[in-house]
Amino acid sequence: MRKQYTPLQLPHTDILPEIVEPLLTWYRGQSTLRCLPWREEVTPYHTWISEIMLQQTRASAVIPYYTRFLEVLPDIASLARCDDELLMKLWQGLGYYSRARNLKKAACQIVEDFGGQMPADFAALLALPGIGRYTASAIGSIAFGLPLPAVDGNILRVTMRVLQCGEDIAQLSVRRAVEDALAPHYPSGEDAGALNQAFMDLGATVCLPHGAPHCALCPLGRLCLAYAAGSAEQLPIKVKKSKRRIEQKTVLVLRQGRALALMKRPEKGLLAGLWELPNLPGHLTEEELRSWLAARGLHALTITRLPDVRHIFSHVEWQMQGWEVELSAPEAVVAEDDSPLVWASPEELADTYSIPSAFQYFLHQKS
DNA sequence: TATACGTGGAG
DNA sequence: TCTCCAAGTAT
């Protein structure tokens, strides 16, 4: 009789205990190679903020955000009581904005449940909003020395190559199998975080994706089965995702003197709670735009067509046509879906309102 | 398990 | 231009 659900078993896992020492040795020898601000003063709070920002985001993009964030919100208490608009402003342009909202939620929980101290416990960390298995393990190992493998894209890639494993790394079951295979070999204390960061640095600088690993420089070269077999460039296997849908929009740059019209996006979904330029589904003709304005009692002094803009998200593509409209007089305006327009000065635009990158093309263009 | 959720850099 | 993808999580 055969089991219907066999747990995923990785091949050649007997190699794994042998990679720990070479990785740690290599990492210690690389200390000047990757000077990153979150490695300067390691505290649970610093590690937490950096790990959240680094989710699906390159270190080079994170650095300025991380520095600014800690200047304004230097500790858990200040994060827990910070203004929501300020929080989103600190995150503007970084993407995945629910990360910021979850950060504040979690800070409040930490204040309430743990007296304002990050819990030094995997399950407790995992229970906080925005913290999944990877981040709980990263914080646990780096900040608290817990022996937890933090399985991210780097560890997955390195491991699949070392073991010459062709499983689909997009599958959660593979992530779990890697965790289970690595966990018994993890050290405690300082080496725990060092080992995770060694994996990540190796993945970021040597064991590179898209078929360009620098195997000759790799401390795991002697052990790596994919290198021995010449298959490192073909691994790991990742099954592609479905194609993105396309949405057409007409975006309005409405000006009354120095003021610019903004609308608040819904609290759920794409770019939740951020501010946007007024926009309509579909591509409107100038005639349709004029009647749309007229129906709202808006009198246009000038109407100017702006260059087309395409903005690509991971799962949606916006094809935007822009119009700049100068309006004659201040009026109480209600947009199509009854969301009120807000009139922002250039100063408020810069300092107060969080506007996603998708609209920045229209804001920066000269008229 | 599959999908929603941003952005910018690289090849 | 196009695809991939980078220190993932929530649902």
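Predicted model, so just to flag it, every value in this text is computed and none were measured. Below, read A as the first sequence line, B as the second, and so on, with proteins coming before strands; counting in each chain starts at 1.
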* If only side-chain N and O atoms of A:Gln56 are considered, is one of them under 4.0 Å from the OP1 or OP2 phosphate oxygen of C:dG8? -> yes
* To do: Name the nucleic acid region contacted by A:Ser357, choosing base, sugar-phosphate or nothing; use a 4.0 angstrom heavy-atom cut-off, strictly under.
  => sugar-phosphate
* Structure fact -> In whole angstroms, the gap separating P of C:dA10 from CG of A:Leu126 amounts to 8 Å
* Donor-acceptor pair, side chain of A:Lys249 and main chain of A:Gly322, under 3.5 angstrom -> no
* Over how many whole Å does the gap from A:Lys240 atom NZ to C:dC2 atom P extend? -> 17 Å
* For B:dG8 and C:dT9, measure between their P atoms and round to the nearest Å. => 22 Å
* Asked: With a cut-off of 6.0 Å (strictly less than), are more than 12 heavy atoms of other residues, nucleotides or ligands near CZ of A:Arg244?
  -> yes
* Between A:Asn102 and A:Glu51, which is nearer to the 5' end of DNA chain C once each is assigned its nearest nucleotide? -> A:Glu51
* Asked: Strictly by modelled atom types, are A:Gln55 and A:Tyr134 linked by a side-chain donor-acceptor pair under 3.5 Å?
  -> no
Any N/O pairs under 3.5 Å between the protein and nucleotides 1-4 of chain B? List them or say none.
none

* Structure fact -> Taken to the nearest whole Å, NZ/A:Lys105 to P/C:dT9 is 16 Å
* Structure fact -> Of the listed C:dA6, B:dT7, C:dG8, the closest approach to the A:His311 side chain comes from B:dT7
* To do: For atom CD of A:Glu288, decide whether the heavy atoms of other residues, nucleotides or ligands shown that lie under 6.0 angstrom number more than 12.
  => yes
* Rounded to whole angstrom, note down the C1' distance from C:dA6 over to B:dT1. => 23 Å
* To do: Look at all strands and tell whether A:Trp318 reaches a base, only sugar-phosphate, or nothing, counting heavy atoms closer than 4.0 Å.
  => nothing
* Is the A:Trp318 to A:Phe313 ring centre distance short of 6.0 Å? -> yes
* Whole angstrom is fine here: how far is it from CG in A:Leu274 over to P in B:dC5? => 13 Å
* Asked: Out of C:dG8, C:dC2, B:dT7, which nucleotide sits closest to the side chain of A:Ala358?
  -> B:dT7
* **Interatomic spacing from CG in A:Asp180 to OG1 in A:Thr13 - rounded to 0.5 Å** => 11.0 Å
* **Any A:Arg310 side-chain nitrogen or oxygen under 4.0 Å from OP1 or OP2 of C:dC2** => yes
* Can you tell me the distance, in whole Å, between the CD atom of A:Glu317 and the C1' atom of B:dT7? => 15 Å
* To do: Measure across A:Trp48 and A:Ala106 and return the closest heavy-atom pair with its distance rounded to 0.1 Å.
  => CZ2-CB, 3.6 Å
* **Short N-O contact, A:Arg258 and A:Glu347, less than 4.0 angstrom** => yes
* In whole angstroms, how far is the C1' atom of C:dC4 from the CD1 atom of A:Ile169? -> 12 Å
* Could you state the interatomic distance from OG (A:Ser291) to CD (A:Glu286), rounded to the nearest 0.5 Å? -> 10.5 Å
* Across the strands shown, which category fits A:Gly93 at heavy-atom distances under 4.0 angstrom: base, sugar-phosphate, nothing? -> sugar-phosphate
* Can you check whether A:Ile139 reaches A:Met118 side chain to side chain, under 4.5 Å on heavy atoms? -> yes
* To do: Scan residues 130-149 of chain A against DNA chain C and write down, sorted by residue number, each residue with any heavy atom closer than 4.0 Å; if none is found, say none.
  => A:Gly130, A:Ile131, A:Gly132, A:Arg133, A:Tyr134, A:Thr135
* To do: Would you tell me if any nitrogen or oxygen in the side chain of A:Thr57 comes within less than 4.0 Å of OP1 or OP2 on B:dG8?
  => no
* Of the nucleotides C:dC4, C:dA10, B:dT7, which has the atom closest to the A:Pro356 side chain? -> B:dT7
* Donor-acceptor pair, A:Lys89 side chain versus A:Ser354 backbone, under 3.5 Å? -> no
* Whole-Å distance between C:dC4 C1' and A:Lys243 NZ? -> 18 Å
* Enter the distance from A:Arg161:CZ to A:Leu156:CG here, rounded to the nearest 0.5 Å. => 11.5 Å
* Structure fact -> Against the side chain of A:Leu271, the closest entry in C:dA6, C:dA10, B:dG6 is B:dG6
Identify each atom pair where a protein N or O and an N or O of nucleotides 9-11 of chain B are less than 3.5 Å apart, giving names and distance.
none

* So does A:Tyr97 get a side-chain nitrogen or oxygen closer than 4.0 Å to the phosphate oxygens (OP1/OP2) of B:dT7? -> yes
* Electrostatic pair A:Glu179:A:Arg175 at N-O distance under 4.0 angstrom -> no
* To do: Take atom CZ of A:Arg244 and atom P of C:dT1, then tell me their distance rounded to the nearest Å.
  => 14 Å
